[in-house]
J.: 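First, the structure itself, so that you have it in front of you.
Quick caveat, the model's predicted, so the values are computed rather than measured.
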Amino acid sequence: MIKIRNAVKNDYSHKKNIPPIYMRSIKLTIAAFLLTATIVLGPTSIQQQQQQQVLAQQPSDPGSVLKLSRTNVPIDIPLLKGYENGNELYFIATDVSDEKIATDATNMTGFEVNYAPLLAQTPETARAQAYAFTNGIAGDGPFGFQVPVVNGKPGDEGYSPLWQINLIAWNDDATPRELTSVEEITAAEQGGELSINQADIIGNHPAIQWQNGSLMVREDANSINDDTPYMGGQVLNIDTENMIVTMVAHRGWGPDGKTIYYIVTDATPDMPANMMGVSHVPLEEQLIGTPVAPGLFQFTSGINGSGPMGFQAGVGESAPGDQNYSPMWFISFIEWNDPTQARVLETVSDIAALQQAGLITVTPAMDGKHVVNCPFFDADTVFEHRSQQFGQQVA
């Protein structure tokens, strides 16, 4: 079990570069000395014994760098259209709490939509309201009729990418027509023209472009490579004519060390959201402490690498296909208590073991108020939809 607590900052200096074979010899010598001291002077604490075992088994190289290959991959994701307050809004569908809807959405868009049952536990106050039509005017909506209507856009007080799905059916004696706002839907319901049924379905449908706004488009879209920083935007191109948004998929690890990729669409609080070039969604703070926000661990010291903080890639507590998967991540930082002893951590089990050994400290990011919408995808999905227009460049 991983315990998250406040970190204690430690000052340290980097050792000079030492060949790995000498570092291993030094570590084994230290381990042997500690073992001898234990025999002569008496038993140490369990934590000290765990530290000694870890140091003896895995030599350290303070000059190590872990830069994963194919770290930033441009991918094309289908855009979907909706209406908000009479205006067009373009969004993507990445996750949904209903398995059949996930399958249907995958078949409709040609892009894998994750089944994320935990989204059904989203607090009511953290949900937006979306209206999907089950009959009426034929169109590009999820049921073959007009496109959905949503009650807010990024920047609005009530905006959330987590949509509570309301099913709309025109009554038999009504004359269906296209509706483009919640006000029009409410008026039609009050006039006896249609009925609204609130389904127990939550979809993660982040907005990409809306009236007078969009996610930030990177200025370096044509030169994405493994060293491209997270800052400056997550979008490379928005094409509403061909209904495609090209985004950067970042490489990381799932709970078992398997490669995953993720995109970033929105976050709270505003500072990291603005730095990453995504929507700030204050309502996401209400997910903290709920099953909807599992842990995603990022590193603030240790092995230099391709993670968002300039160190090794992060590790998520779950992945698509797991019952505890959710795209809404509660971010915690991992700091090495002695960074010269850092090594690569690939799994949740690695994190728990080294935390128990007292080698790392796990701390909630941004005073425990940092949640990021990062839908996960497997490598097959990412490379199947890898952008041909924005090919990855060699660093």
Side-chain angles (χ1 to χ4, degrees), residues 77-102 104-106 108-109 111 113-137 139-170 176-189 194-211 213 215 243 245 265-266 279 281-284 286-287 292 326-328 373 375:
I77 303 175
L79 272 179
L80 301 171
K81 178 182 172 181
Y83 288 115
E84 184 278 324
N85 196 30
N87 301 306
E88 294 179 345
L89 178 144
Y90 295 91
F91 62 94
I92 57 176
T94 59
D95 315 87
V96 67
S97 64
D98 183 90
E99 189 169 16
K100 182 179 184 304
I101 296 296
D104 291 345
T106 297
M108 183 183 78
T109 64
F111 190 95
V113 176
N114 297 316
Y115 170 46
L118 281 186
L119 290 179
Q121 300 183 44
T122 301
E124 291 188 6
T125 53
R127 304 176 182 182
Q129 297 299 313
Y131 300 84
F133 292 78
T134 60
N135 64 4
I137 304 295
D140 295 326
F143 300 103
F145 299 97
Q146 82 149 81
V147 299
V149 176
V150 67
N151 70 334
K153 64 182 183 301
D156 293 347
E157 183 177 353
Y159 170 74
S160 171
L162 302 180
W163 292 6
Q164 169 84 56
I165 306 300
N166 297 274
L167 303 177
I168 294 182
W170 290 94
R177 60 191 180 279
E178 187 173 52
L179 304 180
T180 62
S181 69
V182 175
E183 289 74 14
E184 290 179 346
I185 292 172
T186 301
E189 180 191 30
L194 54 80
S195 60
I196 302 175
N197 177 36
Q198 189 175 76
D200 188 24
I201 300 171
I202 304 294
N204 185 27
H205 297 330
I208 302 298
Q209 181 172 297
W210 52 91
Q211 179 72 8
L215 294 186
M243 296 299 284
V245 58
T265 61
D266 42 86
S279 301
V281 183
L283 289 183
E284 290 175 354
Q286 300 182 36
L287 302 177
V292 184
S326 170
M328 314 301 298
N373 189 353

J.: At their closest point, which heavy atom of T106 faces which heavy atom of V113, and how far apart are they?
T.: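 Nearest pair, atom of T106 first, then V113: OG1-N, 2.9 Å.
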J.: Within the distance-only criterion (no hydrogens, no angle test), does the side chain of S326 pair as donor or acceptor with the backbone N or O of V292 below 3.5 angstrom?
T.: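 The answer is yes, because a donor-acceptor pair under 3.5 Å joins these two groups.
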J.: Within the side chain of D156, is there an N or O that forms a donor-acceptor pair under 3.5 Å with the backbone of G158?
T.: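 Absent.
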J.: Is the W170 ring parallel, tilted or perpendicular to the F133 ring (thresholds 30°, 60°)?
T.: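 Taking F133 first and then W170, their aromatic rings lie parallel (interplane angle under 30°).
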J.: Closer than 3.5 angstrom, by distance alone: can the side chain of N151 be matched with the main-chain N or O of Q129 as a donor-acceptor pair?
T.: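 A pair under 3.5 Å: yes.
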J.: With side chain to side chain contact (heavy atoms under 4.5 Å, CB included) as the test, would you mind laying out the steps for N85 and E183 before giving the verdict?
T.: CA-CA 8 Å; N85 196 30; E183 289 74 14; 4.1 Å; yes
J.: Please answer whether the main-chain N or O of L162 pairs with a side-chain N or O of N204 as donor and acceptor at a distance below 3.5 Å.
T.: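 Not a single qualifying donor-acceptor pair exists.
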J.: Can you tell me how far CD1 of I77 sits from OG1 of T94, rounded to the nearest 0.5 angstrom?
T.: 8.0 Å
J.: Out of curiosity, K81 NZ to Q146 CD, how far, rounded to the nearest 0.5 Å?
T.: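 Between atom NZ of K81 and atom CD of Q146 there are 10.0 Å.
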J.: I'd like to know if the side chain of Q164 and the backbone of A199 have a donor-acceptor N/O pair within less than 3.5 Å.
T.: yes
J.: Taking everything shown except D140 itself, do over 12 heavy atoms lie less than 6.0 Å from its CG?
T.: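 No, not enclosed.
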J.: Between V150 and L89, does the side chain to side chain contact (heavy atoms under 4.5 Å, CB included) criterion hold? Intermediate values first, please.
T.: CA-CA 9 Å; V150 67; L89 178 144; 4.2 Å; yes
J.: For residues Y83 and T180, report the shortest heavy-atom separation together with the two atoms involved.
T.: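 Nearest heavy atoms, Y83 then T180: CB-O, 3.4 Å.
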J.: So, for A116 and P327, which heavy atoms are closest and what is the spacing to 0.1 Å?
T.: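 Minimum heavy-atom separation between A116 and P327: CB-CD, 4.4 Å.
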J.: Which pair of heavy atoms, one from P123 and one from Q286, lies closest together, and at what distance?
T.: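 Smallest interatomic distance, heavy atoms only, reads CG-O, 3.8 Å.
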J.: Compare every heavy atom of P176 with every heavy atom of G136, then report the nearest pair and how far apart it is.
T.: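 Looking at all heavy atoms of both residues, the closest pair is CA-CB, 3.6 Å.
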J.: Could you tell me if the side chain of P161 sits less than 4.5 Å from the side chain of V281, heavy atoms only?
T.: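 They are in side-chain contact.
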J.: Under a plain distance cut-off of 3.5 Å, with no hydrogens placed, do Y90 and E88 share a side-chain donor-acceptor pair?
T.: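 Yes, because at least one side-chain N or O of E88 sits under 3.5 Å from a partner of the opposite role on Y90.
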J.: Test side chain to side chain contact (heavy atoms under 4.5 Å, CB included) on L215 and W210; report intermediate values, then the result.
T.: CA-CA 9 Å; L215 294 186; W210 52 91; 4.3 Å; yes
J.: So how far is it from L119 CG to D95 CG, rounded to the nearest 0.5 Å?
T.: 6.0 Å
J.: For residues T134 and F145, report the shortest heavy-atom separation together with the two atoms involved.
T.: O-CE1, 3.0 Å
J.: Answer yes or no: is there a donor N or O on one side and an acceptor on the other, between the side chain of S97 and the main chain of I202, under 3.5 Å?
T.: yes
J.: Is it true that atom CG of N197 has more than 12 heavy atoms of other residues, nucleotides or ligands lying nearer than 6.0 Å?
T.: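 Yes - once you tally the heavy atoms of other residues, nucleotides and ligands closer than 6.0 Å, there are more than 12.
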J.: Any side-chain to backbone donor/acceptor pair from Y159 onto S279? Under 3.5 Å, distance only.
T.: no
J.: Any chance you could measure T122, atom OG1, to W163, atom CH2, to the nearest 0.5 Å?
T.: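 If we round to the nearest 0.5 Å, T122:OG1 and W163:CH2 are 14.5 Å apart.
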J.: Could you give me the CA-CA distance, side-chain angles and deciding distance for I101 and I165, then say whether side chain to side chain contact (heavy atoms under 4.5 Å, CB included) is met?
T.: CA-CA 11 Å; I101 296 296; I165 306 300; over 6 Å; no
J.: So do V149 and I185 actually touch side chain to side chain, heavy atoms under 4.5 Å?
T.: yes
J.: Nearest 0.5 Å, please: how far is CG in D266 from CG in N373?
T.: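 The CG atom of N373 sits 4.0 Å away from the CG atom of D266.
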J.: Measure the spacing between OG of S160 and CE of M328 and express it to the nearest 0.5 Å.
T.: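 Nearest 0.5 Å value for the OG-CE distance: 6.5 Å.
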